[in-house]
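Report on the following structure.
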Amino acid sequence: MLITPYTANFNTGYIFITDYKGNVKWYKHIPSFGYNFKQHYNSNNELRYSYMVTERPLNGQYDMCHTNIMNDKMEIIDEDIRMLKHGTVKNQYPLECHTFTFLDDKHYIMTAVNTVKVKNIPGYENKYYYVINNIIQEQKDGEVVWHFETIDYPELYTASCKNNSFEDGTTDIGAADYAHINAISKDKNGDILVSFRNIGMVKINYKTKEIMWIMGRNRNDIVGLNIKDIPYLQHDVRYLTDGSFTIFDNCGCPEDYSRVCRYWIDDEVKTLIEVKTYNSKFPRSIALGYSELIDEDNVTDEELMSVIKGPDFPTEGLILGMEGIKQA
């Protein structure tokens, strides 16, 4: 298991790897606390790791970060990855903390937020207000190949179901965090599904950048989907091989629990095929959350070990238990 413990200390932090029993196998000290320590494989099936390092907070809603990439020897091979100049992004700009997508070496999808003054909010067209703009950018070989900003889509203002008091945004301090991006996933066609905490799920056509559909409490385009099965303040979207996708639904469950939802949707006709929900045994969590399907059926301890054990780790930093810890 790859773990990034959260701390409010901006001066130091750690990322570490444990076995399925919680024994630490490897760890690394980083200059601030981290986010999104993940394992990947590039197009040559070579192992890669990515993690984000926090730099500073923004408006109390996001932590601003950069991303580093390591190889199978835990050596950094690409560092200080940031948003590149494009649209409202001026110069190199920090990423926001929720998500980072590794596609291949030097090929990434990343997210950022900035505070922007706009005049295209439906019902407020004659006045300027500050909002928190959400940005998705794909980079390949150091160039921007795809770029999306929420302020270019007025329908996302009206689809917002939380933090949408736009009239409070007379200064940047009061900027409305009406979208709040927290996860993205690409489907087999390359189209992008985004979890906006304060809107819902938004599907974007990769080629045209048009919004294909919105699934949220204030706007739902999916035919056949009951309100009880629509997520609220959700996190962690991911597509599965059969074309379905899962989310961690923080507050959408009719009972006082968080839950995992799995959806099968026909994008062409915006129609629900099937939905499955799995209630947790824990009280609702209004922020954060994670879910991952390991297997369609029950997974034994032996199978779980084979999933989590992964490749051999380098001698430096390798430990067998909690004693004799070596730092990478």
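As the structure is a prediction and not an experimental result, all values here were calculated from the model. All residue numbers refer to positions in the sequence shown, counting from 1.
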Could you give the distance from [atom1] ([X]) to [atom2] ([Y]), rounded to the nearest 0.5 Å?
X    : Y    : atom1 : atom2 : value
F166 : Y124 : CZ    : OH    : 7.5 Å
L84  : K90  : CG    : NZ    : 14.0 Å
L2   : K25  : CG    : NZ    : 9.5 Å

Please determine whether residues [X] and [Y] belong to a single hydrophobic cluster, defined as Ile, Leu, Val, Met, Phe, Trp and Tyr linked transitively by side-chain heavy-atom distances below 4.5 Å.
X    : Y    : result
I199 : V194 : yes
I15  : L47  : yes
I17  : M70  : yes
Y27  : I3   : yes
W213 : V275 : yes

For this session: Compute the centroid of each ring, for Y153 and then for F148, and state whether the two points are separated by less than 6.0 Å.
Result: yes

Does any N or O in the side chain of [X] come within less than 3.5 Å of the main-chain N or O of [Y], such that one atom is a donor and the other an acceptor?
X    : Y    : value
E125 : K119 : no
T67  : R82  : no
D242 : S244 : yes
N134 : I132 : yes
N205 : M212 : no
E96  : H98  : yes
N218 : S160 : yes
S280 : S258 : yes
D19  : K21  : yes
N182 : F196 : no

For this session: Apply side-chain hydrogen bond (donor to acceptor under 3.5 Å, both in side chains) to the pair Y130 and D168, showing each step before the final yes or no.
Result: CA-CA 8 Å; Y130 287 95; D168 293 337; over 6 Å; no

I'd like to check [X] versus [Y] (side-chain heavy atoms, cut-off strictly below 4.5 Å). Are they in contact?
X    : Y    : value
W26  : M74  : yes
N198 : D177 : yes
D221 : M215 : no
E210 : I204 : no
I247 : V260 : no
E79  : I69  : no
R238 : F248 : no
I181 : I136 : yes

For this session: Would you mind telling me which of D105, V145, I109, D104 makes a side chain to side chain contact (heavy atoms under 4.5 Å, CB included) with K140?
Result: V145

Residues [X], [Y]: salt bridge by 4.0 Å N-O rule:
X    : Y    : result
D249 : R259 : yes
R48  : D78  : no
R284 : D256 : yes
K209 : E149 : no

Where do [X] and [Y] come nearest, in terms of heavy atoms and distance?
X    : Y    : value
G200 : Q234 : O-NE2, 3.3 Å
M83  : A112 : CE-CB, 3.2 Å
V144 : K85  : CG2-O, 4.4 Å
S185 : Y239 : OG-N, 2.9 Å
N36  : C97  : ND2-O, 2.8 Å
I214 : L156 : CD1-CD2, 3.9 Å

Any donor-acceptor N or O pair under 3.5 Å, side chains [X], [Y]:
X    : Y    : result
N164 : Y178 : no
H235 : N250 : yes
Y49  : N71  : no
Y62  : H180 : yes
N133 : T150 : yes
H40  : S50  : yes
Y93  : N114 : no

Problem set entry | ring-ring contact (aromatic ring centres under 6.0 Å, His included) between F100 and Y108, intermediate numbers included | CA-CA 8 Å; F100 178 86; Y108 318 120; 5.3 Å; yes

For this session: In sequence, state the C-alpha distance, the side-chain angles, and the governing distance for V53 and C65, and then conclude on side-chain contact (heavy atoms from CB on, under 4.5 Å).
Result: CA-CA 5 Å; V53 180; C65 308; 5.9 Å; no

For this session: List the steps, then state whether side-chain hydrogen bond (donor to acceptor under 3.5 Å, both in side chains) holds for Y263 with E274.
Result: CA-CA 6 Å; Y263 302 93; E274 186 178 3; over 6 Å; no

Exercise. Are E55 and H66 close enough, and set up right, to give a side-chain hydrogen bond (donor to acceptor under 3.5 Å, both in side chains), and what steps lead you there?
Worked result: CA-CA 8 Å; E55 299 176 359; H66 63 268; 2.7 Å; yes

Problem set entry | E143 atom CD: more than 12 heavy-atom contacts under 6.0 Å | no

Problem set entry | Within 6.0 angstrom of Y128 OH, more than 12 heavy atoms from elsewhere | no

Exercise. After noting the C-alpha distance and the side-chain angles of I230 and L225, does the key distance pass the side-chain contact (heavy atoms from CB on, under 4.5 Å) rule?
Worked result: CA-CA 7 Å; I230 296 174; L225 187 61; 3.7 Å; yes

Problem set entry | F102 and H107: CA distance, side-chain angles, deciding distance, ring-ring contact (aromatic ring centres under 6.0 Å, His included) verdict | CA-CA 7 Å; F102 178 95; H107 190 186; 9.0 Å; no

Exercise. So among D187, D191, D266, which one has a salt bridge (charged side-chain N to carboxylate O under 4.0 Å, His left out) with K203?
Worked result: D187

Problem set entry | Result of checking D63, T54, T4 against Y35 for side-chain hydrogen bond (donor to acceptor under 3.5 Å, both in side chains) | D63

Problem set entry | Plane angle bin for W146 and Y206 - parallel if under 30°, tilted between 30 and 60°, otherwise perpendicular | parallel

